[in-house]
Amino acid sequence: MADLILAIDNGTQSLRALLFDARGQLVGKSQLAFDPPYHSPEPGAAEQAVSRYWDALVQCCQSLWQQGHDPARVAGLSLTCQRTSVVALDADHQPLGPAILWLDQRRATELPTLPQPWRTLLALPKVGPLLTKVRQRAPANRLAQLHPQRWQQCRKLVSLSAYLTHRLTGQLADSTAAQVGYLPFDYRKHRWHSPRNWRWRALGVRPEQMAQLRAPGETLGQLTDTAANALGLAPDLPLFAAGGDKTCEVLGSGGHQSGIASLSFGTTATVNLPSRRYREVVPLMPAYPACEPGLYLNEKMLFRGFWMVSWFKEQFGHLEKLLARESGEPVEALFDPLVSAVPPGAMGLMLQPYWGADLSSPEAKGCVIGFGDVHTRAHLYRAILEGLAFGLKEGLDQIERATGARSTRLRISGGGAQSDAAMQLTADLFGLPAERVHTIETSGLGAAICAAVGLGWHPDFAAAQGAMVHTGQRFEPNPEHHHLYQQLYQQVYLKLYPQLAPLYQAIRTITGYPKG
């Protein structure tokens, strides 16, 4: 009996093949880490051979069957991938080079001329600089300058998920909920812009270079004989459109429900609130399509987010890494005693988590203030977690002001959510209950929900989310700690960036760092 969904979660650090049932229970899992997760052939570059992703997908699927799971139970597949990573393809849909990942920091300095009257946009004081930065980050403009021969041969410029969809089904198609990058996508209408829209020229691409789009839950195609044989599955199994990893994570954490704010403690930390109306929380920064037709996600991102925890682990966590190898526990959980050993507020140590500037604060750098001789690595670690929570709270406050929505509880996912101390700290700082769901594989679960709707196992996304997402451990806020955090947030944290922005700009001007 075909009663399982195979969800493929292709992240930055690893690929996972996951088996879910109709109740959202994780039945099987196989994971392969990418070592290294990317290559840097030049400063700022982040690339990965696309064959690594396909080989990992095949290996993980075969590993599931070797574990004893029956491939005949798979009724359908879904796929979620890292966002804004792109692949250039030739006329035969073969890769012209490695995938350019979302972490790539290179920028185009030679940009195509905009036609009038759109050229006047560049002269507007707020719109012009932002538009220029978007154009500099657009993958087509970067490819045209950095790899002109590759770009001349490029016939398709697609997301990693579209490329893998083609390998699986022979169809070059993608989900509308996977479009978050610097491409001419109409975020209001969830489709490519009209061919006459000025964005095509600004971002350096042509309509015929794009993949076909399908709404979440729709069929992208069926497994080809070649793909089915490689994966050990029956041919003609349907592949259903899902969304990008963060988008699926929101769905898989129950974040489409009213009153729930979804926080992701991943490499990039995010906070998301859904809306039935299109709103731009930050002017000119779009609301993204959710893994549900007609729904928008208002998102605030901390670019390096819980990468900072990985940085701390590499610099100061050698003992915990050794213990993790022996015990099999996540390193983040072994850091909990460090957090518990330090009072809220880290004895005056505060961190601003801008370790990767975004478009709205391009000059930003991170900072730590309040150092004293009492501070240890435990204080620094707690300050990192508190700084990330402060940054996400600021984002949630912005979203709520713009949309009028109000959050009554938090749903937290991602690797950092495995830490009880981080969960409790977040509940205390936000003053809201913080919940996990029943599985840490929320991105994969979100993709599985899309397939479950496509298969007709549930009548709609609301019913599927209600049936497949189950609340896990809940952390109630400590009122005394919340009061302290509110004072630090209002009187210190919110004032850090306005005070330091001119100094960040001076650092960039004098030293040239960070680049871009």
Side-chain angles (χ1 to χ4, degrees), residues 42-46 83-86 88 100-148 150-151 154 157 159 179-188 192-207 209-210 268 280-288 299-304 354-365 398 497-498 500-516:
E42 60 181 286
R83 303 184 301 183
T84 70
S85 295
V86 297
I100 299 177
L101 306 191
W102 63 274
L103 285 163
D104 197 287
Q105 293 296 295
R106 292 172 294 182
R107 303 289 180 263
T109 56
E110 302 171 8
L111 299 172
T113 302
L114 282 179
Q116 290 289 16
W118 306 113
R119 202 179 309 165
T120 57
L121 289 173
L122 298 174
L124 299 177
K126 290 187 177 180
V127 176
L130 179 60
L131 178 57
T132 297
K133 292 183 183 300
V134 169
R135 298 179 72 208
Q136 289 174 335
R137 296 189 182 200
N141 290 338
R142 284 185 285 161
L143 272 171
Q145 180 175 331
L146 298 171
H147 303 286
R150 188 189 307 176
W151 180 242
C154 179
L157 185 66
S159 69
Q179 310 311 311
V180 185
Y182 302 93
L183 295 172
F185 182 74
D186 188 333
Y187 290 96
R188 289 180 183 271
W192 298 122
H193 274 291
S194 162
R196 300 182 63 182
N197 189 284
W198 62 275
R199 291 173 179 83
W200 295 100
R201 183 71 174 269
L203 299 177
V205 288
R206 303 183 304 277
Q209 290 179 300
M210 300 293 97
T268 294
E280 293 182 353
V281 175
V282 177
L284 304 178
M285 300 299 290
Y288 300 134
E299 179 178 285
K300 180 66 175 179
M301 174 192 302
L302 296 178
F303 180 68
R304 288 267 172 150
Y354 294 169
W355 287 23
D358 61 21
L359 288 171
S360 60
S361 53
E363 71 288 315
K365 293 173 69 71
Q398 288 179 320
Y497 180 72
L500 294 174
L503 301 182
Y504 292 148
Q505 184 60 53
I507 289 172
R508 180 187 291 268
T509 301
I510 295 168
T511 68
Y513 290 94
K515 298 290 187 181

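Residue indices begin at 1 and follow the sequence shown.
Taking every heavy atom of both residues into account, Ala138 and Tyr182 meet most closely at CA-CB, 3.7 Å. Here the shortest heavy-atom pairing between Ala140 and Trp151 reads CB-CH2, 3.5 Å. In plain terms, the two heavy atoms of Arg201 and Pro112 that are nearest each other are O-CG, 3.5 Å. Here the shortest heavy-atom pairing between Leu111 and Ala108 reads CD2-CB, 4.0 Å. In terms of heavy atoms, Arg119 sits closest to Leu114 at NE-O, 2.8 Å. The shortest non-hydrogen separation linking Val205 to Met210 is CB-CE, 4.2 Å.
We find the CG-CD distance between Leu131 and Gln136 to be 10.0 Å, quoted to the nearest 0.5 Å. Interatomic distance, OH of Tyr504 versus OG1 of Thr509, reported as 14.5 Å (0.5 Å rounding). The OG1 atom of Thr84 sits 11.0 Å away from atom CD of Gln179, with the distance rounded to the nearest 0.5 Å. Going from atom CG of Leu503 over to atom CD1 of Ile510 covers 9.5 Å, rounded to the nearest 0.5 Å. If you take CZ on Arg83 and CG on Leu101, they are separated by 14.5 Å, rounding to the nearest 0.5 Å. Taking CD from Glu299 and OG1 from Thr268, the interatomic distance works out to 9.0 Å, rounded to the nearest 0.5 Å.
Listed for the Gln145 side chain is a donor-acceptor partner under 3.5 Å among the backbone atoms of Glu110. Of the possible polar contacts, one joining the Arg142 side chain to the Arg137 backbone as a donor-acceptor pair under 3.5 Å is found. Within the 3.5 Å criterion, the main-chain N or O of Ala46 finds a donor-acceptor partner in the side chain of Asp104. Put simply, the side chain of Arg199 never gets that close to the backbone of Leu183: no donor and acceptor are under 3.5 Å apart. Side-chain atoms of Trp200 come within 3.5 Å of backbone atoms of Ser194 as a donor-acceptor pair (strictly under, hydrogens ignored). Put simply, the side chain of Asn141 never gets that close to the backbone of Val134: no donor and acceptor are under 3.5 Å apart.
Listed by chain and residue number, nothing satisfies the side chain to side chain donor-acceptor pair (under 3.5 Å) test with Arg188 (two or more places apart in sequence, or in another chain). For Trp192, the ring pair (Phe, Tyr, Trp, His ring centres under 6.0 Å) partners at least two apart in sequence or on another chain are Phe185.
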Let me see the working for Arg106 and Leu146 under side-chain contact (heavy atoms from CB on, under 4.5 Å), right down to the final yes or no. CA-CA 9 Å; Arg106 292 172 294 182; Leu146 298 171; 3.8 Å; yes

Evaluate side-chain contact (heavy atoms from CB on, under 4.5 Å) for Val180 paired with Trp102, printing each intermediate quantity in order. CA-CA 10 Å; Val180 185; Trp102 63 274; over 6 Å; no

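At a threshold of 4.5 Å between non-hydrogen side-chain atoms, the residues Leu157 and Pro139 count as touching. Contact annotation: the side chain of Leu143 never approaches that of Val86 to less than 4.5 Å [non-hydrogen atoms, C-beta and beyond].
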